[in-house]
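Just below is one structure, and these are the notes that go with it.
For the single chain, residues carry numbers from 1 onward in sequence order.
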Amino acid sequence: MKQLIPDNVSKCDNVYDVLKERGLIEQSTDEEAVRKLLQNEKVKFYIGFDPTADCLHVGHFMQIIIIMYMQKFGHTPVVLLGGGTGMVGDPSGRTDMRTLMDVETIDYNCAQFKKLFERFIEFDDEWKYEGNGGVYEPGHQNKEPEPGKAVSVNNGEWIRPLKFIEFVREIGSKFNVNTMLRSEAFKQRMERETGLTFFEFSYMLMQSYDFMVMARDFDVKVEFGGDDQWSNIIGGVDLTRKLLQKEVYGMTFSLLTTSDGKKMGKTQKGALWLDADRCSPYEFFQYWRNVGDADVNKCLRMLTFIPMDEVNRLSALEGAEINKAKEILAFEITKLVHGEEEAQKALDASRAAFSAGGAASADIPTTEMDAADFGGEGKGLISLLSELKLAESNGDARRTIEQGGVSLNGEKATDTRKNITAEDFADGILVIQKGKKKFHKIVLK
C-alpha cells in the first residue's frame with residue numbers, strides 16, 4: 001500500500017467492524033454473512049468507476065478510503081474501470097440523461113483514472129484479464145494477484161463484444177421489469193416529464209453482468225458502492241445466484257453529505273478534484289478547514305485514519321476550539337491526497353493569512369471588489385498589486401513576481417503576465433501574500 005493506515009486506527013480485527021465503527025457502512029445484502037466472510041477469508045472485492053471525467057474528485061476518494069482499509073486487512077481490491085458501462089452512463093441520482101461520450105474520450109478518461117489511482121494504491125501490473133468474447137465465451141485471469149496488491153480491469157473487455165440478442169436472451173431474461181421499476185433511481189426518473197430511455201434502463205443489466213462475470217472468471221465475492229448503487233448491486237447478486245448458483249455479496253457506503261443533506265465536495269468552481277492542477281492543495285485544504293461544525297465528526301471518521309478516540313475528542317470541542325479540529329481535519333486529508341509537504345505548505349499559508357497567531361494578524365487588510373472586475377480576461381496581477389499598495393510601482397510588482405515573492409491563496413505566482421480571474425478565487429476569497437509578512441485579502445461582492 002502506498003498510504004499506510006496506522007495499526008492503532010482501530011481495536012477491531014475485522015475490517016467489517018472497522019468500517020462500521022467509522023460509520024461508513026450503509027447497507028449489506030447479508031450483514032452477518034459478509035462479516036463472517038471478511039473475518040474468515042481473504043477475498044477479492046470490487047468497486048466500479050465510470051469515467052465520466054478525466055479526473056477523480058472527493059466522492060471517489062471515499063471509495064479509495066474503503067479500498068485502503070480492505071487492503072490493510074489482507075483483501076484484494078479489484079478496481080473496475082467502466083470502459084463499457086461508461087458508454088451508457090448510470091441513471092442513478094440523475095434528473096436527466098448523461099451526455100454521451102465517444103470511445104476515445106472514454107478510453108482516455110479510463111487511462112487518467114488509472115494514473116490517479118496509482119497515487120494511492122499499489123497494483124499488480126503483471127495481472128491481466130483476457131479471453132472474454134461475449135456471453136458464451138468466458139474470460140480468465142492470467143494468474144492470482146500478488147498478495148498485498150490491487151488489480152485493475154476494464155469492463156469494456158466484456159461489454160463491448162456483446163451481441164444484443166445473446167445478451168438479452170441470456171441476461172435480460174433473468175430480470176423482472178416490475179422489480180426493476182421499483183428501484184428508487186428509476187422511480188424518480190419515471191415521475192419526471194423527461195422519463196427514462198431504454199438505453200439508460202439497460203444500465204442495471206450491465207452493472208449486474210459485471211459482477212457475474214468477475215465472480216465467474218476470477219472469483220470476486222463482494223461488490224462495494226455508494227448507497228445510490230443498492231439496486232444495481234442487488235441485481236448483480238441475484239444474477240450471479242441464478243446463472244452460477246454462487247453466493248456473492250454487496251455492501252453500500254454512506255454518501256458524503258453535510259448535516260443538512262447536501263452533497264459535499266462542491267465549490268464555486270465545481271467539483272473538489274484530487275488533481276493539484278484542477279484544485280490546488282491550498283484550495284483543497286481550505287475547503288475542509290471551512291466545513292460546518294456539525295460535519296467535523298463525519299469528515300474525521302470517514303476521510304482520515306485518526307483513531308476513533310481522538311476523532312471523538314476533537315469533534316467534541318466547542319466554540320473557537322473546534323477550529324483546531326478543522327485544521328487537523330484539513331491537514332490529514334490534504335496529506336493523504338497531495339502528500340505531507342504540500343499539506344504543510346497549505347497549513348502554513350492558512351495560518352499566516354487567517355490565524356491571529358500567524359505572521360499576519362486576524363485583521364488582515366481586506367478589500368471588497370466587484371466580481372465583474374475579474375470576469376473575462378480579468379485584471380492584470382501587476383496592476384492589482386499596485387492598486388492594493390502591495391507594490392510601489394508596476395516595476396516593483398514585476399520584480400517581486402520574478403523573484404518569487406508573490407503567492408495567491410498559498411500558491412506561488414511567477415508569471416508577470418498573469419491576469420487574475422474568478423478562477424483564482426476560493427469561495428469568493430483571494431489572499432495575496434507579498435514576501436513573508438505582507439497580506440491582503442480580496443473578497444468578491
Side-chain angles (χ1 to χ4, degrees), residues 2 46-68 77-125 127-130 132 139 150-162 185 197 199-200 202-211 213-214 223-226 228-229 232 255-256 263-267 269-280 283-284 336-338 423:
K2 298 206 171 180
Y46 95 92
I47 300 179
F49 299 86
D50 276 347
T52 51
D54 61 0
C55 185
L56 298 170
H57 54 67
V58 75
H60 297 121
F61 187 58
M62 279 277 293
Q63 314 299 323
I64 292 169
I65 290 282
I66 303 300
I67 288 172
M68 293 169 74
V78 178
V79 175
L80 179 69
L81 299 172
T85 44
M87 298 184 74
V88 177
D90 187 359
S92 301
R94 300 284 301 187
T95 57
D96 56 1
M97 195 167 105
R98 292 180 185 274
T99 302
L100 297 183
M101 298 180 290
D102 58 35
V103 173
E104 290 74 20
T105 300
I106 290 170
D107 288 345
Y108 174 78
N109 289 352
C110 283
Q112 295 304 107
F113 269 30
K114 179 69 182 345
K115 287 179 186 175
L116 283 163
F117 279 120
E118 287 172 346
R119 282 173 31 197
F120 305 101
I121 306 162
E122 188 172 0
F123 287 92
D124 179 356
D125 287 325
W127 182 93
K128 295 288 185 295
Y129 177 76
E130 51 198 18
N132 193 297
V151 297
S152 176
V153 67
N154 189 319
N155 65 17
E157 294 189 51
W158 55 78
I159 287 179
R160 292 183 186 178
L162 289 174
T197 65
F199 182 59
E200 297 170 282
S202 68
Y203 188 92
M204 183 183 287
L205 275 67
M206 291 185 179
Q207 184 169 330
S208 301
Y209 183 59
D210 283 344
F211 200 174
V213 166
M214 290 186 286
E223 176 183 0
F224 293 154
D228 55 352
Q229 297 299 305
N232 293 335
L255 299 176
L256 192 61
K263 262 193 177 180
M264 274 192 183
K266 292 289 185 184
T267 69
K269 295 183 183 179
L272 194 64
W273 301 104
L274 304 187
D275 189 330
D277 291 336
R278 301 280 285 271
C279 177
S280 74
E283 288 178 278
F284 189 83
L336 285 170
V337 173
H338 294 292
E423 291 293 305

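- With hydrogens and angles ignored, the 3.5 Å screen pairs no side-chain donor or acceptor of Asp124 with any backbone N or O of Ala150.
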Leu56/Phe117 under side chain to side chain contact (heavy atoms under 4.5 Å, CB included): CA gap, chis, key distance, verdict:
CA-CA 9 Å; Leu56 298 170; Phe117 279 120; 4.0 Å; yes

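- Residues Cys55 and Leu116 have side chains in contact (heavy-atom distance under 4.5 Å, counting atoms from C-beta outward).
- A distance of 6.0 Å separates CG of Asn154 from CD of Glu157, quoted to the nearest 0.5 Å.
- You'll find the side chain of Met214 reaches within 4.5 Å of the side chain of Trp158, heavy atoms only.
- Between Tyr46 and Gln207, the shortest heavy-atom distance links the atoms OH-O, 3.8 Å.
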Run the side chain to side chain contact (heavy atoms under 4.5 Å, CB included) check on Tyr129 and Val213 step by step: do they pass?
CA-CA 11 Å; Tyr129 177 76; Val213 166; 3.6 Å; yes

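- The side-chain heavy atoms of Asp210 and Ile159, taken from C-beta on, include a pair separated by under 4.5 Å.
- With rounding to the nearest 0.5 angstrom, the CE atom of Met206 is 8.5 Å from the OG1 atom of Thr85.
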Walk me through it: do Tyr108 and Gln112 pass the test side chain to side chain contact (heavy atoms under 4.5 Å, CB included)?
CA-CA 6 Å; Tyr108 174 78; Gln112 295 304 107; 3.6 Å; yes

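- Judged purely by distance below 3.5 Å, without hydrogens or angles, the side chains of Glu223 and Gln229 never pair a donor atom with an acceptor atom.
- Side-chain contact between Asp54 and Arg278: present, with at least one pair of heavy atoms (C-beta onward) separated by less than 4.5 Å.
- Side-chain contact between Asn232 and Met204: present, with at least one pair of heavy atoms (C-beta onward) separated by less than 4.5 Å.
- Under the 4.0 Å criterion applied to side-chain N and carboxylate O atoms, Asp275 and Lys115 are not assigned as salt-bridge partners.
- Residues Pro51 and Gly82 approach most closely at CD-O, 3.2 Å, considering heavy atoms.
- Going from atom CD1 of Ile47 over to atom CD1 of Ile66 covers 6.5 Å, rounded to the nearest 0.5 Å.
- The two residues Phe120 and Leu336 come nearest to each other via the heavy atoms CE2-O, 3.4 Å.
- In this structure, Leu162 and Tyr209 have side chains that are in contact, with non-hydrogen atoms separated by less than 4.5 Å.
- For the residue pair Gly86 and Asp50, the shortest heavy atom distance occurs at N-OD1, 3.7 Å.
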Checking Trp127 against Val153 for the side chain to side chain contact (heavy atoms under 4.5 Å, CB included) test, could you report, in this order, the C-alpha distance in whole Å, the side-chain angles of both residues, the deciding distance, and whether it holds?
CA-CA 9 Å; Trp127 182 93; Val153 67; 4.1 Å; yes

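- You'll find the side chain of Leu256 stays beyond 4.5 Å of the side chain of Phe61, heavy atoms only.
- Residues Arg160 and Asp107 are paired through a salt bridge, judged by an N-O separation under 4.0 Å between the basic side chain and the carboxylate.
- Taking all atoms of both residues into account, the shortest heavy-atom contact from Ser152 to Leu81 is OG-CD1, 3.8 Å.
- Here CE of Met264 is found 12.0 Å from CG of Leu255. Values are rounded to the nearest 0.5 Å.
- In terms of heavy-atom proximity, Asn109 sits nearest to Met101 at ND2-SD, 3.8 Å.
- Between Phe49 and His60, the ring planes are tilted. Angles from 30° to 60° get that label.
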